[in-house]
Each structure stands twice: as C-alpha cells, then as structure tokens.
Amino acid sequence: MRLADFALERYFARWEFAVRHLLCASDVEGWPLAELLALADDETRAAWNDLRLGYAETPGHPLLRGEIARLYEGLDTDDVLVFSGAEEAIFCLLNVLVGPGDHAIVTWPGYQSLHEVARAAGADVSLHELREADGWSLDVERLVAAIRPATRAVVANVPHNPTGMLPTPAEWRTLGDACAAAGVRLVADEVYRFLEHDGRAPLPAGADLAPSFVSIGVLSKSFALAGLRIGWLASRDRGLLARCAAFKDYTTICAAAPSEILGIVALRARETILARSRAIVSANLSRFDAFLAERPAFATWVRPAAGSVGFPRLAAGLDADRFAAELVEAEGVLLLPGSAFGHPGNHVRVGLGREDFPVALERLDAFLEARTVGQGRAATSRSS
Ligand SMILES: Cc1ncc(COP(=O)(O)O)c(C=O)c1O
C-alpha cells in the first residue's frame with residue numbers, strides 16, 4: 001500500500017507547535033486533565049486511581065463502549081469498536097471495506113484519509129465535490145447518480161470539514177434510503193457531531209439509519225479531548241466490526257488504558273463537556289462573522305451550519321497560500337490554505353474552537369492594517 005503524503009497533517013507538523021495562534025485548528029480547546037478528573041463519579045475515580053497500566057481490551061473498555069453506544073439511538077456496547085483516534089478507525093475501516101475492483105464515493109474537499117486510504121487500498125474513488133456556489137451543500141441527486149454496481153461505500157463527512165456543511169435531515173435520510181436501496185454502505189464521519197449552530201439539531205447518526213451503515217466518532221473535536229486519541233466505529237454490522245478489530249491487530253492492538261478511563265469520565269459528563277465546546281465555538285463564530293462583515297474586502301464565507309471550522313474565500317488579489325505564509329511569518333497566526341485539501345479555490349480554513357481566537361483575530365486585523373498602510377493596497381475596508 002502506497003499512501004500519498006497527508007498534505008494537511010504535513011502542514012500541521014511544520015507549524016502546529018511553532019506558532020503563537022492556531023486560527024485554523026479543527027479541535028476544540030483541550031480540557032485540562034485536573035478539570036476533567038474533577039468530573040469523575042465514584043466508579044470512574046476508582047477506575048482511574050486503581051488503573052493497572054497493562055494492555056487494554058482490543059475492542060475497547062466495555063464501560064467506554066457502553067457510553068459511546070448511548071450517543072446513538074439503537075446501539076449496544078457490542079456495536080462499538082474503539083480505536084486510537086478517528087484516524088485509525090478510518091484507516092482500518094476503509095482497508096477492510098474496499099480493495100481493487102471496488103468503487104467508493106467520498107465527499108470533497110475533505111479530510112484526506114477519507115479518500116486517500118480507499119484509493120491506496122486499490123479502490124476507484126469518485127470525489128463528490130461540494131461547491132461554494134451551492135452553499136457547499138451535499139447534492140444528493142448528483143451523489144446518488146454516481147453510484148455504480150461496484151460501489152461499496154459512500155463516505156460522507158457531516159458536519160463537514162472544512163466547510164461546516166450540514167445536510168438537512170430530509171437530505172440525509174434521502175441519501176441513506178438511496179444507499180440502502182442500492183445495497184451500498186453509508187460511512188458517516190461524524191467527528192463534528194453535536195456542534196450544530198443556531199439551534200439546529202444533530203442529524204440522525206449514520207449507524208442509526210440502517211444496519212449496514214457505519215458511524216465514525218472521536219473525542220477530539222466536539223468533546224475537546226484530542227490528546228486522549230480515543231475514536232470509534234459504531235455499527236449494527238458486528239461482522240464488519242469483527243473484521244476491523246482483526247485489522248487493528250496490525251495497527252495499535254488496543255487503545256491507551258488511561259485514555260479509555262478518561263473517555264468514560266468525559267462521556268458520562270457529556271452535557272458539561274459539550275456545553276463548554278458549544279459556548280467556545282458559538283462565541284467565535286459570532287466574532288468571525290462580525291469580523292468578515294466589517295472587512296468585505298478581506299474575505300467572504302458561507303456561514304458554517306455546524307462543526308468547529310469554516311472555509312472563507314479570500315478576496316481576489318489575496319492569494320491564499322501566500323497570505324497564510326505572510327501572516328504566520330509576520331504575526332505567528334496560522335491559517336490553513338485550501339491547497340492543503342487539494343482545493344483550487346482561494347479559500348482558507350478557519351478554526352472556531354480555540355480560546356485565544358479573539359487575540360488571533362486582533363493579530364490578523366493588525367496584519368491587514370499593516371498591508372493596507374505598508375503596501376498602499378486596500379486589503380481591508382472597515383466601517384469602524
Ligand atoms: C473529518 C475528520 N475525520 C477524522 C479526523 C481525525 O480525527 P483524529 O485526529 O482525532 O483521529 C479529523 C481530524 O481533523 C477530521 O477532520
């Protein structure tokens with residue numbers, strides 16, 4: 001298997017720990033360990049204190065799988081398989097699901113492993129392009145028309161990274177019904193689920209739509225615990241989960257034991273955890289909306305409907321790659337150019353999950369001001 005470099009991860013490897021402000025992170029500001037432990041109940045506090053640092057159970061700690069199952073409508077503990085991050089779940093699942101002669105349809109632009117692992121496993125991959133002119137919406141009719149006899153999986157990331165797209169419940173069910181009717185498995189990457197904006201409800205989880213469908217989840221994004229590296233697959237297709245567990249024997253075998261206990265703590269306190277994440281993201285969403293409204297000559301965006309990222313387009317005359325390079329150099333503020341997704345538009349990803357977002361915006365503002373003044377160009381247009 002030959003994998004192309006993961007462009008976004010290579011970009012983060014270069015910059016993530018070298019800059020002052022990550023204005024493009026997709027996770028929500030991580031919980032301090034002590035504050036998370038303060039949420040433990042008697043059972044999880046004892047499990048933490050008495051933890052033996054041996055190997056953990058391959059499918060995942062039963063209590064953790066039970067708590068994850070509760071995020072779905074009709075799933076049990078055995079319908080969940082724990083991984084080290086959603087990334088490992090994607091890697092194992094796509095290797096198990098597709099190979100030479102198979103076809104997969106994957107939403108794009110998007111998280112590279114969702115299409116690259118399928119391609120490297122030998123599948124023919126069609127990218128379902130989300131278009132800014134359509135409000136980045138999922139075009140269910142176009143997507144379903146791309147299904148072929150060899151199609152094994154439709155892989156949809158909802159809420160979507162990097163656009164913040166969220167289909168309507170009706171669109172989502174139509175897609176699910178069409179996949180089920182065609183005998184095609186829907187794989188729903190739902191790592192941004194529970195971060196819906198403006199009062200929208202979470203979509204029904206993919207795994208709840210049909211017995212063969214699979215949901216991918218993680219504690220990194222909405223649950224603000226990326227450092228735990230706890231992800232999962234959820235599906236009523238236990239045969240598929242068993243094949244993925246067998247594949248995992250060649251990757252990590254089992255998750256990190258301390259992370260599993262902390263994951264149980266977090267999921268039992270999920271309302272507290274999610275309320276904090278939603279508060280951070282929604283405040284930053286309003287801030288960025290106002291920032292753009294005051295600076296139409298900088299960028300415009302389709303306001304994200306869900307998730308912790310958005311994908312504004314820089315004004316003509318500001319090249320996204322160059323702009324990001326100059327901004328990080330001058331102000332230590334990191335934006336992610338759309339080229340990291342292989343996307344040719346002039347977009348950058350903005351992350352809405354960090355607590356230093358207001359400061360990062362101030363630095364971005366100073367950078368825009370300096371360009372206007374220093375270079376005599378109207379890079380900004382401000383009403384105040
Ligand atoms: C859509 C999507 N899926 C999966 C992942 C992987 O999550 P993790 O790094 O926590 O494994 C990411 C991370 O950015 C993502 O955006």
**Q** Would you call Arg295-Asp365 a salt bridge at under 4.0 Å N-O?
**A**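 Yes.
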
**Q** State plainly whether the residues Glu67 and Arg268 are in salt-bridge range, i.e. N to O under 4.0 Å.
**A** yes

**Q** Would you please say whether a donor-acceptor pair under 3.5 Å links the side chains of Asp27 and Ser220?
**A** no

**Q** Specify the closest pair of heavy atoms between Gly74 and Asp208, including all atoms of both residues, with the distance to one decimal.
**A** N-OD1, 3.2 Å

**Q** With a 4.0 Å cut-off on N to O distance, would you call Asp124 and Arg119 a salt bridge?
**A** no

**Q** Does the Lys248 side chain pair with the main chain of Ala89, one donor and one acceptor, at a distance under 3.5 Å?
**A** no

**Q** Do the side chain of Asn49 and the main chain of Ala46 share a donor and acceptor less than 3.5 angstrom apart?
**A** no

**Q** Return the CZ to CG distance between Arg45 and Leu37, rounded to the nearest 0.5 Å.
**A** 9.0 Å

**Q** Are the side chain of His160 and the backbone of Pro109 linked by a donor-acceptor contact shorter than 3.5 Å?
**A** yes

**Q** If you round to the nearest 0.5 Å, how far is NE2 of His61 from OG1 of Thr77?
**A** 11.5 Å

**Q** So does Thr44 get a backbone contact from the side chain of Asp41, meaning a donor-acceptor N/O pair under 3.5 Å?
**A** yes

**Q** Can you tell me how far the OG atom of Ser126 sits from the NE2 atom of His115, to the nearest 0.5 Å?
**A** 12.5 Å

**Q** Give me the one residue out of Asp134, Val302, Leu130 that meets side chain to side chain contact (heavy atoms under 4.5 Å, CB included) with Met165.
**A**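 Exactly one candidate clears the test, Leu130.
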
**Q** Once side-chain contact (heavy atoms from CB on, under 4.5 Å) is applied, do any residues pair with Ala182, and if so which ones, sequence neighbours excluded?
**A**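 Ile147, Val184.
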
**Q** Does the pair Arg371/Glu326 count as a salt bridge with the N-to-O cut at 4.0 Å?
**A**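 A salt bridge is present here (some side-chain N lies under 4.0 Å from a carboxylate O).
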
**Q** Assess whether a salt bridge exists between Arg152 and Asp102, defined as any Lys/Arg side-chain N lying under 4.0 Å from an Asp/Glu carboxylate O.
**A**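 Salt bridge present between Arg152 and Asp102.
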
**Q** Counting heavy atoms not belonging to Arg238, are there more than 12 under 6.0 Å from its CZ?
**A** yes

**Q** Could you check whether any side-chain N or O of Ser215 sits under 3.5 Å from a backbone N or O of Ala207, counting only pairs where one atom can act as donor and the other as acceptor?
**A** yes

**Q** Where the side chain of Glu171 meets the backbone of Leu138, is there a donor-acceptor pair that is under 3.5 Å apart?
**A** no

**Q** Could you tell me whether the side chains of Asn161 and Arg349 share a donor-acceptor contact shorter than 3.5 Å?
**A** yes

**Q** So does Ala25 get a backbone contact from the side chain of Glu16, meaning a donor-acceptor N/O pair under 3.5 Å?
**A** no

**Q** Are Glu9 and Tyr111 close enough that a side-chain donor and a side-chain acceptor fall under 3.5 Å?
**A**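 Side chains of Glu9 and Tyr111: pair found under 3.5 Å.
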
**Q** Please tell me whether Ser308 and Lys221 have a donor and an acceptor in their side chains that are separated by less than 3.5 angstrom.
**A** no

**Q** Ignoring hydrogens and angles, state whether a donor on the side chain of Glu331 or His21 is under 3.5 Å from an acceptor on the partner side chain.
**A**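 No, His21 and Glu331 have no side-chain donor paired with an acceptor closer than 3.5 Å.
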
**Q** Could you tell me whether Arg142 and Asp139 make a salt bridge, using a distance below 4.0 angstrom between a side-chain N and a carboxylate O?
**A** yes

**Q** Is there a ring-ring contact (aromatic ring centres under 6.0 Å, His included) between Phe323 and Phe298? Walk through the geometry before answering.
**A** CA-CA 11 Å; Phe323 186 85; Phe298 161 52; 5.6 Å; yes

**Q** Could you go through the side-chain contact (heavy atoms from CB on, under 4.5 Å) check for Trp31 and Leu39 one step at a time?
**A** CA-CA 11 Å; Trp31 273 73; Leu39 300 176; 3.8 Å; yes

**Q** Mind listing the closest non-hydrogen atom pair of Ser235 and Leu75 along with its distance?
**A**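 Looking at all heavy atoms of both residues, the shortest contact is N-CD1, 4.2 Å.
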
**Q** Is there a path of hydrophobic side-chain contacts, each under 4.5 Å between heavy atoms, that joins Trp136 and Leu175?
**A** yes

**Q** Counting only heavy atoms from other residues, nucleotides and ligands, does the tally under 6.0 Å from CZ of Arg173 exceed 12?
**A** no

**Q** Inspect the surroundings of CD in Glu141 and state if more than 12 heavy atoms from other residues, nucleotides or ligands are less than 6.0 Å away.
**A**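 No, CD of Glu141 has 12 or fewer neighbouring heavy atoms, counting only those of other groups under 6.0 Å.
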
**Q** What are the two closest heavy atoms between Gly307 and Tyr192, and how far apart are they?
**A**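 Shortest heavy-atom contact: CA-CB, 3.9 Å.
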
**Q** Could Arg65 and Asp78 be called an ion pair, given the rule that one side-chain N must be under 4.0 Å from one carboxylate O?
**A**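 Yes, Arg65 and Asp78 are salt-bridged.
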
**Q** Thr174 vs Asp177, test: side-chain hydrogen bond (donor to acceptor under 3.5 Å, both in side chains). Steps then yes/no.
**A** CA-CA 5 Å; Thr174 304; Asp177 290 347; 5.8 Å; no

**Q** For residues Thr151 and His103, is any side-chain donor paired with an opposing acceptor at under 3.5 Å?
**A**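 Per modelled atom types, Thr151 and His103 side chains form a pair under 3.5 Å.
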
**Q** Using a 3.5 Å distance criterion without hydrogens, assess whether the side chain of Ser259 forms a donor-acceptor pair with backbone atoms of Arg229.
**A**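 Not confirmed, Ser259 side chain does not pair with Arg229 backbone.
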
**Q** Looking at CG of Asn284 and CG of Leu352, how far apart are the two atoms once the value is rounded to the nearest 0.5 Å?
**A**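 The CG atom of Asn284 sits 6.0 Å away from the CG atom of Leu352.
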
**Q** Can you tell me how far the CG atom of Leu274 sits from the CZ atom of Phe194, to the nearest 0.5 Å?
**A**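 Separation between the atoms: 6.5 Å.
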
**Q** If you look at every heavy atom in Ser277 and Leu195, which pair is closest and at what distance?
**A**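 It is CB-CD2, 4.0 Å.
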
**Q** Over all heavy atoms of both residues, which pair between Ile230 and Ala255 is shortest? Give the atoms and the distance, please.
**A**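 Shortest heavy-atom separation between Ile230 and Ala255 comes out as CD1-CB, 4.0 Å.
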
**Q** Might you point out which heavy atoms bring Tyr11 and Leu335 nearest each other, and give the distance in Å?
**A**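 Smallest interatomic distance, heavy atoms only, reads OH-O, 2.7 Å.
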
**Q** If I take atom CD from residue Glu29 and atom CZ from residue Phe357, how far apart are they, to the nearest 0.5 angstrom?
**A** 12.5 Å

**Q** With Trp301 as reference, evaluate Phe288, Phe311, Phe291 under the ring pair (Phe, Tyr, Trp, His ring centres under 6.0 Å) test and give the passing residue.
**A** Phe288

**Q** Applying salt bridge (Lys or Arg N to Asp or Glu O under 4.0 Å), can you list everything that pairs with Arg303, at least two apart in sequence or on another chain?
**A** Asp198, Asp289

**Q** Does a salt bridge link Asp356 with Arg20, judged by any charged N lying under 4.0 Å from a carboxylate O?
**A** no

**Q** Test side-chain contact (heavy atoms from CB on, under 4.5 Å) on Leu94 and Val155; report intermediate values, then the result.
**A** CA-CA 10 Å; Leu94 292 177; Val155 182; 4.3 Å; yes

**Q** Do Asp321 and Ser339 pass the side-chain hydrogen bond (donor to acceptor under 3.5 Å, both in side chains) test, and can you show the C-alpha distance, the side-chain angles, and the key distance before you say yes or no?
**A** CA-CA 7 Å; Asp321 287 298; Ser339 56; 2.6 Å; yes

